[in-house]
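Encoded as structure tokens, the structure appears first; notes follow it.
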Amino acid sequence: MMHIDRMKFLELFGNQIKTLRKEKGLSLRQLAQLCDIDYSDISKIEKGQRNIQISTILELTKGLEIHPKDLFDFDTENLK
């Protein structure tokens with residue numbers, strides 16, 4: 001089984017959310033209005049400072065209008 005560094009994964013996941021948000025032209029506050037997550041929590045998620053639940057993933061995908069798998073479409077090769 002591959003060992004994945006948890007903190008690095010959270011950072012990469014957060015960077016993916018930030019990238020997708022910016023591609024949509026959304027501010028933190030605008031994304032927060034589109035999903036049931038406070039903008040300060042989205043900021044912490046983007047910085048890799050917050051571990052999230054499945055329901056948060058669903059809210060983020062609703063706000064970004066993407067499929068949940070798109071949140072995990074980033075390179076994890078350097079996490080080993």
Worksheet item: Can you name the closest pair of heavy atoms from L28 and S43 and give their distance?
Response: CD1-CB, 3.8 Å
Practice prompt. Measure the CG-CE distance between N51 and M7 for me, rounded to the nearest 0.5 Å.
Written response: 9.0 Å
Worksheet entry | Gap between atom CD1 of I42 and atom SG of C35 - 0.5 Å precision | 4.5 Å
Worksheet item: To the nearest 0.5 Å, what is the distance between CG (L20) and CG (D70)?
Response: 7.0 Å
Worksheet item: Are any of the side-chain heavy atoms of I52 and L10 separated by less than 4.5 Å?
Response: no
Worksheet item: Crowded around D38 CG? As in, over 12 foreign heavy atoms under 6.0 Å?
Response: yes
Discussion item. Assess the residue pair L31 and Y39 against the criterion (side-chain contact (heavy atoms from CB on, under 4.5 Å)); give the C-alpha distance rounded to whole Å, side-chain angles, the decisive distance to 0.1 Å, and a yes or no.
Written reply: CA-CA 7 Å; L31 179 55; Y39 78 94; over 6 Å; no
Discussion item. As an exercise, state the distance from CZ of R50 to NZ of K44, rounded to the nearest 0.5 Å.
Written reply: 4.5 Å
Worksheet, complete the sentence: When rounded to the nearest 0.5 Å, the distance separating NZ of K69 from OG1 of T61 is 12.5 Å
Worksheet item: Would you call the rings of F74 and F13 parallel, tilted or perpendicular, where under 30° means parallel and over 60° means perpendicular?
Response: perpendicular
Discussion item. Please check this pair: side chain of E59 against backbone of L34, looking for a donor-acceptor N/O pair closer than 3.5 Å.
Written reply: no
Discussion item. Tell me if a side-chain donor or acceptor on T19 pairs with a main-chain N or O of N15 at a distance below 3.5 Å.
Written reply: yes
Item to complete: Specify the closest pair of heavy atoms between K24 and E65, including all atoms of both residues, with the distance to one decimal.
Response: NZ-O, 3.8 Å
Worksheet item: Is there a path of hydrophobic side-chain contacts, each under 4.5 Å between heavy atoms of I, L, V, M, F, W or Y residues, that connects I66 with L58?
Response: no
Discussion item. Does anything in residues 11-23 form a salt bridge (Lys or Arg N to Asp or Glu O under 4.0 Å)? List the pairs, not counting sequence neighbours.
Written reply: R21-E46
Fill in: Heavy-atom side-chain contact between I57 and L60 under 4.5 Å
no
Worksheet item: Can you tell me how far OG1 of T56 sits from CD1 of I45, rounded to the nearest 0.5 angstrom?
Response: 6.0 Å
